[in-house]
Amino acid sequence: MAAGTSNYWEDLRKQARQLENELDLKLVSFSKLCTSYSHSNARDGRRDSSDTTPLLNGSSQDRMFETMAIEIEQLLARLTGVNDKMAEYTNSAGVPSLNAALMHTLQRHRDILQDYTHEFHKTKANFMAIRERENLMGSVRKDIESYKSGSGVNNRRTELFLKEHDHLRNSDRLIEETISIAMATKENMTSQRGMLKSIHSKMNTLANRFPAVNSLIQRINLRKRRDSLVLGGVIGICTILLLLYAFH
């Protein structure tokens with residue numbers, strides 16, 4: 001009985017290793033397909049910039065991708081089934097002394113299955129992202145080519161719309177620049193007014209703080225005004241005397 005169960009376990013391990021080897025090869029090919037798809041579409045994109053040649057081998061690569069994805073999913077499902085059988089065997093094994101070794105082996109196969117599953121989904125997601133990007137770029141290239149090849153009233157109308165759009169953008173830009181200049185001028189004037197208010201306030205503060213200085217300044221102003229009046233009177237008298245002398 002023990003020999004039969006041991007052979008059953010070895011058969012399961014052999015199936016697991018075989019499936020793991022097949023998955024490893026499939027995943028390597030799957031990854032190369034993704035890389036070659038990206039490079040081939042990049043080259044085709046450069047060719048499309050000079051002519052209207054469609055993407056080469058795009059549909060065949062898509063079919064190959066779908067086929068390989070299905071095959072890998074089937075292998076992963078089979079490997080998962082083998083791992084489940086190995087787990088059932090370890091739970092019902094009749095030799096407790098071997099349970100630790102069996103569990104270690106089972107865990108290693110489970111880790112391998114998890115790594116392969118993660119790698120498959122990552123590669124598949126990368127492939128899908130590249131394909132969506134290439135489809136989008138192809139659509140944009142088609143729109144550009146149809147615009148370049150267009151003629152007649154529609155093409156002329158589109159050009160007029162584009163020119164009008166450019167004029168509107170330029171007008172908006174000029175308006176924004178004018179508003180910016182006005183705002184800067186307003187800020188500058190506000191700043192100057194604040195400075196003048198600050199100077200006037202400081203002068204008033206000094207005048208209020210030093211009344212003697214204020215009184216002295218007033219006296220000086222009065223003396224200057226008196227001297228000006230005296231000087232003006234003297235000049236007036238001299239002028240009158242000169243006129244009288246001249247007429248006599």
Side-chain angles (χ1 to χ4, degrees), residues 6-91 101-151 154-155 158:
S6 177
N7 291 334
Y8 178 70
W9 173 258
E10 291 298 328
D11 290 339
L12 291 176
R13 288 189 60 189
K14 184 182 296 184
Q15 294 178 20
R17 286 195 296 268
Q18 182 178 358
L19 292 172
E20 288 168 358
N21 292 332
E22 293 181 11
L23 277 169
D24 186 64
L25 295 175
K26 289 287 185 181
L27 288 172
V28 171
S29 300
F30 196 62
S31 178
K32 290 181 179 180
L33 175 63
C34 180
T35 304
S36 63
Y37 184 88
S38 175
H39 291 170
S40 63
N41 280 286
R43 291 192 298 269
D44 293 334
R46 289 193 294 269
R47 284 198 296 270
D48 286 343
S49 61
S50 59
D51 54 24
T52 58
T53 305
L55 296 177
L56 298 178
N57 298 326
S59 59
S60 62
Q61 286 182 330
D62 290 339
R63 288 194 298 270
M64 188 180 300
F65 166 77
E66 297 294 340
T67 301
M68 293 186 67
I70 293 173
E71 293 177 353
I72 293 173
E73 289 175 351
Q74 291 176 352
L75 290 173
L76 289 173
R78 290 172 57 188
L79 183 57
T80 302
V82 174
N83 284 343
D84 292 340
K85 291 180 181 180
M86 293 173 70
E88 293 176 358
Y89 176 81
T90 56
N91 292 331
L102 296 180
M103 291 300 297
H104 177 73
T105 302
L106 176 60
Q107 185 61 40
R108 184 170 61 84
H109 286 292
R110 283 178 173 175
D111 292 341
I112 294 173
L113 174 60
Q114 184 177 3
D115 292 340
Y116 285 162
T117 303
H118 176 72
E119 182 180 354
F120 168 68
H121 289 300
K122 180 180 178 181
T123 305
K124 183 177 180 180
N126 291 336
F127 187 93
M128 297 297 292
I130 293 172
R131 186 167 64 179
E132 290 178 0
R133 183 186 63 189
E134 294 299 330
N135 290 336
L136 179 61
M137 292 178 63
S139 177
V140 172
R141 284 195 293 268
K142 288 181 181 179
D143 293 339
I144 294 174
E145 291 297 332
S146 76
Y147 172 75
K148 289 182 178 179
S149 61
S151 58
N154 292 332
N155 191 18
T158 303

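Here the structure is a predicted model, which is why all the values come from computation and not from measurement. The first residue in the sequence is number 1, and the count goes up from there.
- The CD atom of Q18 sits 11.0 Å away from atom CG of L23, with the distance rounded to the nearest 0.5 Å.
- In this structure, NE2 on H109 lies 10.5 Å from CG on D111, to the nearest 0.5 angstrom.
- A distance of 7.0 Å separates CE of M103 from CG of N91, quoted to the nearest 0.5 Å.
- Open room surrounds CZ on R78; 12 or fewer heavy atoms of other groups in view lie less than 6.0 Å from it.
- Between the side chain of N126 and the backbone N or O of K122, at least one donor-acceptor pair lies under 3.5 Å.
- In this structure, the side chains of K26 and F120 stay at 4.5 Å or more apart for every pair of heavy atoms.
- By the neighbour-count criterion of 12 heavy atoms within 6.0 Å, atom CD of E66 is densely surrounded, having more than that number from other residues, nucleotides or ligands.
- Between L113 and L79, the closest heavy-atom pair is CD1-CD2, 3.6 Å.
- Side chains of Q15 and D11: a donor-acceptor N/O pair is absent below 3.5 angstrom, by distance only.
- In this structure the side chain of F65 reaches within 4.5 angstrom of the side chain of M128, judged on heavy atoms.
- Across L106 and A87, no two heavy atoms sit closer than the pair CD2-CA, 3.6 Å.
- Here the CD atom belonging to Q107 is positioned 10.0 Å from the CG atom belonging to N83, to the nearest 0.5 angstrom.
- Atom OG1 of residue T117 and atom CZ of residue R110 lie 13.0 Å apart, to the nearest 0.5 angstrom.
- Exactly one residue among D115, L75, I72 makes a side-chain contact (heavy atoms from CB on, under 4.5 Å) with L27. That residue is I72.
- In this structure, NE2 on H104 lies 14.0 Å from OG1 on T90, to the nearest 0.5 angstrom.
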